[in-house]
Amino acid sequence: MSLKSLRGGSDEVRRMVALSDLPWERAALEDAFVAHNWAVVEAGAAGPAVEWGSGGAAPHFFGEDSSDDGCGRRLELGGAPDGPAGGAGFVQLPCALFWPAFGEEPEDAEPDESDDLDADYGPDWERFPAATRADFHREYDRIGALLRAELGEPDESFGGEMDEHREVWYCTGVQLELHRTDDLNSYSHYDVILVRIAPLRSGIGADESPTDAGA
């Protein structure tokens with residue numbers, strides 16, 4: 001079993017929270033990406049090259065990253081706000097990964113068992129090779145505490161199957177979520193912790209019934 005974390009701190013959380021204060025418009029969001037050093041405007045370009053619609057399978061990378069070094073810090077983006085799927089768009093920031101995914105954990109892990117996708121992830125990810133699922137939950141709680149410091153207690157908290165959990169803060173026109181779930185980017189090889197912003201009507205599982213915050 002192992003945990004990989006980007007060890008996101010208050011700066012990353014504040015940048016995501018700042019997006020929740022913006023109108024859900026492409027220009028406003030892309031200007032914020034540039035201000036946060038999440039995107040750059042090349043010389044002669046009208047705006048930043050942002051890969052909207054790529055989602056988890058082909059995320060928008062930022063900072064220093066190359067295919068040789070493996071996956072680094074990234075945003076996962078839904079449809080562009082001014083595009084045909086804009087109402088279902090999202091901006092999400094992966095924060096931590098846990099292997100193996102829920103339901104795949106052996107009762108007695110062998111000492112030589114290792115994560116065979118580990119080499120696909122670059123040095124931005126801090127490794128904790130002896131971590132347990134309880135450590136993964138503590139990382140979720142750590143990021144949750146940073147969000148609470150900025151936004152107060154979440155408006156709703158949702159539990160789900162397969163160790164899924166999310167907390168939701170409703171803002172003007174958008175919702176911000178802390179989500180622990182299956183990692184689609186790795187075809188469920190990992191479970192993932194995400195911070196996600198989306199228009200109010202396009203949140204994950206919007207028809208679910210809320211549980212209390214301690215669920």
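For the numbers below, each heavy atom of this structure counts, side chains included, while hydrogens, waters and symmetry mates do not. Please read all numbers here as calculations on a predicted model, not as lab measurements.
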> salt bridge (charged side-chain N to carboxylate O under 4.0 Å, His left out) with Glu139: which residues, sequence neighbours excluded?
Replying inline: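 Checked Glu139 against salt bridge (charged side-chain N to carboxylate O under 4.0 Å, His left out); matches are Arg7, Arg142.
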Enter the distance from [X]:[atom1] to [Y]:[atom2] here, rounded to the nearest 0.5 Å.
X: Ile197; Y: Leu19; atom1: CD1; atom2: CG; answer: 4.5 Å
X: His189; Y: Asp116; atom1: NE2; atom2: CG; answer: 5.0 Å
X: Ile143; Y: Ile193; atom1: CD1; atom2: CD1; answer: 5.0 Å
X: Asp183; Y: Trp99; atom1: CG; atom2: CH2; answer: 15.0 Å
X: Arg180; Y: Phe102; atom1: CZ; atom2: CZ; answer: 9.5 Å
X: Ser10; Y: Arg15; atom1: OG; atom2: CZ; answer: 9.5 Å

How close do [X] and [Y] get, heavy atom to heavy atom, and via which atoms?
X: Trp125; Y: Gly72; result: NE1-O, 3.6 Å
X: Ala131; Y: Met1; result: O-CB, 3.5 Å
X: Asp182; Y: Val192; result: O-CG1, 3.9 Å
X: Leu146; Y: Gly9; result: CD1-C, 3.7 Å
X: Phe128; Y: Ser5; result: CE1-CB, 4.2 Å
X: Cys95; Y: Val195; result: SG-CG2, 3.9 Å

> Would Glu12 and Leu6 satisfy side-chain contact (heavy atoms from CB on, under 4.5 Å), going step by step from the backbone distance to the final call?
Replying inline: CA-CA 10 Å; Glu12 288 89 347; Leu6 290 171; over 6 Å; no
> Given the rule that I, L, V, M, F, W and Y join up when any side-chain heavy atoms are under 4.5 Å apart, are Leu22 and Val41 in one cluster?
Replying inline: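 The answer is no; the residues belong to distinct hydrophobic clusters.
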> Is there a side-chain contact between Gln92 and His179 (heavy atoms, below 4.5 Å)?
Replying inline: no
Please table the atom pairs, donor to acceptor, closer than 3.5 Å between any side-chain atom in residues 26-35 and protein atoms at least two apart or in another chain.
{"unit_1": "Arg26", "atom_1": "NE", "unit_2": "Glu30", "atom_2": "OE2", "d": "2.9"}
{"unit_1": "Glu30", "atom_1": "OE2", "unit_2": "Trp52", "atom_2": "NE1", "d": "2.7"}

> Is the side chain of Arg133 donor-acceptor paired with the backbone N or O of Asp163 at a distance under 3.5 Å, no angle test?
Replying inline: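 No, Arg133 side chain to Asp163 backbone: no donor-acceptor pair under 3.5 Å.
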> Looking at residues at least two apart in the chain, or sitting in another chain, which of them share a side-chain hydrogen bond (donor to acceptor under 3.5 Å, both in side chains) with Glu150?
Replying inline: Arg14
> Do Met16 and Arg196 pass the side-chain contact (heavy atoms from CB on, under 4.5 Å) test, and can you show the C-alpha distance, the side-chain angles, and the key distance before you say yes or no?
Replying inline: CA-CA 8 Å; Met16 290 297 286; Arg196 173 185 173 109; over 6 Å; no
> Which residues pass the side chain to side chain contact (heavy atoms under 4.5 Å, CB included) test with Asp155, sequence neighbours left out?
Replying inline: Trp169, Tyr170
> Under the side chain to side chain contact (heavy atoms under 4.5 Å, CB included) test, which residues partner Ala134, sequence neighbours left out?
Replying inline: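 Partners of Ala134 by the side chain to side chain contact (heavy atoms under 4.5 Å, CB included) criterion, ordered by chain and then number, come out as Thr132, Arg138.
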> Remaining members of Val40's ILVMFWY cluster at a side-chain heavy-atom cut-off under 4.5 Å?
Replying inline: none
>> What verdict does the side-chain contact (heavy atoms from CB on, under 4.5 Å) test give for Glu76 and Leu194, after you've listed the backbone C-alpha separation in whole Å, the side-chain angles of each residue and the deciding distance to 0.1 Å?
In response: CA-CA 10 Å; Glu76 296 176 354; Leu194 302 161; 4.2 Å; yes
> side chain to side chain contact (heavy atoms under 4.5 Å, CB included) with Leu176: which of Val91, Leu147, Val13?
Replying inline: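 The single option meeting the side chain to side chain contact (heavy atoms under 4.5 Å, CB included) with Leu176 is Leu147.
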>> Walk me through whether Tyr121 and Tyr190 qualify under side-chain contact (heavy atoms from CB on, under 4.5 Å).
In response: CA-CA 12 Å; Tyr121 291 81; Tyr190 297 108; 3.6 Å; yes
